[in-house]
> 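Just dropping this structure here.
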Amino acid sequence: MKCIKMSYKGFEFPVNVSSIKACFSKNISTLPIPKRSAKAQEICFNPTVISGGGSFTGENANEKAHMLMTAFQSRGAAYLFSPLFSPMRMFFGDLQLSADSLGNRIDYTFTFVEEVNSKRRHYDFGYTFALPNENLYDVANRCGVKIEEIVEANGCRDLFSVSEGDKVWLN
């Protein structure tokens with residue numbers, strides 16, 4: 001399987017995280033209407049929250065943990081690249097580290113919160129990564145792009161020529 005490694009502000013996780021979770025949510029307003037049922041409506045999207053965790057092992061586990069801590073301590077948002085989600089500008093919101101008694105294994109958990117300071121909810125990098133069992137037609141549907149544009153941008157003749165984790169240019 002070809003897959004990109006998760007990275008943020010120059011720190012590339014040496015091994016992809018063992019668990020990752022994304023929370024996408026909206027604010028919904030409920031307005032009671034006298035003598036009728038309540039009316040619900042969407043107000044806005046909430047920032048996406050991505051959380052997860054993993055472990056650093058081996059002789060340089062402490063060094064890897066220190067590099068992750070440096071990325072956490074830097075201020076401002078940056079793009080989070082993940083093998084599962086499109087890149088998003090995010091703040092590194094939470095980091096927890098714990099070590100075993102020998103110091104050769106450090107477990108970590110993290111939380112990233114999307115930077116949302118405008119109405120735009122989509123970052124257009126011009127590419128995406130193929131998900132498991134996707135062909136180019138599936139990628140086009142998921143990304144809202146015409147299949148002809150994807151075929152032309154990638155120089156493909158076979159709609160099934162993509163594998164999980166492959167970078168697929170959208171335009």
Side-chain angles (χ1 to χ4, degrees), residues 1-25 45-100 103-136 138-145 149-150 153-156 161-171:
M1 172 176 88
K2 293 185 284 184
C3 221
I4 66 162
K5 290 187 178 178
M6 191 164 154
S7 64
Y8 182 79
K9 287 191 176 182
F11 176 76
E12 184 176 273
F13 289 78
V15 175
N16 271 328
V17 297
S18 57
S19 67
I20 190 166
K21 173 180 143 183
C23 178
F24 306 96
S25 65
F45 284 95
N46 292 319
T48 300
V49 176
I50 295 180
S51 59
S55 299
F56 299 127
T57 58
E59 294 176 11
N60 60 353
N62 286 329
E63 181 182 334
K64 294 174 195 170
H66 178 72
M67 290 169 38
L68 182 59
M69 177 64 86
T70 300
F72 171 75
Q73 290 174 334
S74 64
R75 300 180 66 77
Y79 283 101
L80 174 68
F81 294 89
S82 161
L84 301 176
F85 308 105
S86 296
M88 287 186 263
R89 283 192 59 83
M90 307 203 78
F91 293 102
F92 200 154
D94 182 58
L95 174 65
Q96 295 181 22
L97 301 170
S98 61
D100 67 359
N104 61 1
R105 176 186 164 132
I106 298 178
D107 295 321
Y108 60 86
T109 59
F110 58 81
T111 303
F112 290 94
V113 179
E114 182 181 21
E115 174 190 54
V116 180
N117 55 10
S118 67
K119 290 184 180 180
R120 188 171 182 189
R121 296 286 305 165
H122 172 70
Y123 298 103
D124 184 8
F125 279 81
Y127 66 87
T128 188
F129 292 95
L131 300 177
N133 302 316
E134 272 191 327
N135 58 44
L136 291 178
D138 297 327
V139 173
N141 271 345
R142 176 170 54 89
C143 297
V145 177
E149 292 177 17
I150 289 182
N154 293 279
C156 298
S161 63
V162 66
S163 300
E164 177 182 356
D166 285 350
K167 183 185 270 188
V168 178
W169 293 99
L170 302 176
N171 50 29

> First locate atom CG of Leu97, then atom OG1 of Thr109, and finally report the distance between them rounded to the nearest 0.5 Å.
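Nearest 0.5 Å value for the CG-OG1 distance: 8.0 Å.
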
> Can you give me every donor-acceptor pair (side chain of residues 64-72, partner residue at least two apart or in another chain, under 3.5 Å) with its distance?
from, atom 1, to, atom 2, distance (Å)
Lys64, NZ, Asn60, OD1, 3.3
Thr70, OG1, His66, O, 3.0

> Taking C-beta and beyond as the side chain, do Met6 and Leu80 meet within less than 4.5 Å on heavy atoms?
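Touching, per the 4.5 Å side-chain cut-off.
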
> In chain order, what residues pass the side chain to side chain donor-acceptor pair (under 3.5 Å) check against Lys9, with sequence neighbours excluded?
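Side chain to side chain donor-acceptor pair (under 3.5 Å) check on Lys9 returns Ser74.
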
> In chain order, what residues pass the side chain to side chain donor-acceptor pair (under 3.5 Å) check against Asp107, with sequence neighbours excluded?
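Asp107 satisfies side chain to side chain donor-acceptor pair (under 3.5 Å) with Ser55, Arg105 once adjacent residues are dropped.
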
> Closest approach of Tyr8 and Tyr79, non-hydrogen atoms and distance?
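Distance-wise, the nearest heavy atoms are CD1-O, 3.6 Å.
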
> Got Leu170 and Val139 here, is their nearest side-chain heavy-atom distance under 4.5 Å?
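Yes; the side chains approach each other to less than 4.5 Å.
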
> Mind checking the OG-CG spacing from Ser163 to Leu131? Nearest 0.5 Å is all I need.
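Spacing of OG (Ser163) from CG (Leu131) equals 12.5 Å.
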
> How close do Met90 and Glu114 get, counting heavy atoms only, and between which atoms?
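Minimum heavy-atom contact is CE-N, 3.2 Å.
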
> side-chain contact (heavy atoms from CB on, under 4.5 Å) with Ala22: which residues, sequence neighbours excluded?
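For Ala22, the residues satisfying side-chain contact (heavy atoms from CB on, under 4.5 Å) (neighbours in sequence not counted) are Phe24, Ile50, Phe85.
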
> The criterion is side-chain contact (heavy atoms from CB on, under 4.5 Å); which residues satisfy it with Thr111, sequence neighbours excluded?
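Counting only residues at least two positions away or on another chain, Thr111 forms a side-chain contact (heavy atoms from CB on, under 4.5 Å) with Val49, Ser51, Asp94, Val113.
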
> Taking all non-hydrogen atoms of both residues, which atom of Ala130 and which atom of Val162 are closest, and how far apart?
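That closest heavy-atom pairing would be CB-CG2, 3.4 Å.
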
> Identify, with sequence neighbours excluded, every residue that meets ring-ring contact (aromatic ring centres under 6.0 Å, His included) alongside Tyr108.
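With neighbours one apart ignored, the set is Phe13, Phe56.
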
> Under the side-chain contact (heavy atoms from CB on, under 4.5 Å) rule, collect the residues that match up with Ser161, sequence neighbours excluded.
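Ser161 satisfies side-chain contact (heavy atoms from CB on, under 4.5 Å) with Leu136, Cys156, Asp158 once adjacent residues are dropped.
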
> What residues, two or more places apart in sequence or in another chain, satisfy side-chain contact (heavy atoms from CB on, under 4.5 Å) together with Asn135?
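Result, side-chain contact (heavy atoms from CB on, under 4.5 Å) vs Asn135: Tyr137, Asp138, Phe160.
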
> Assess whether side chain to side chain contact (heavy atoms under 4.5 Å, CB included) is satisfied between Phe45 and Val116, documenting all intermediate values.
CA-CA 10 Å; Phe45 284 95; Val116 180; over 6 Å; no

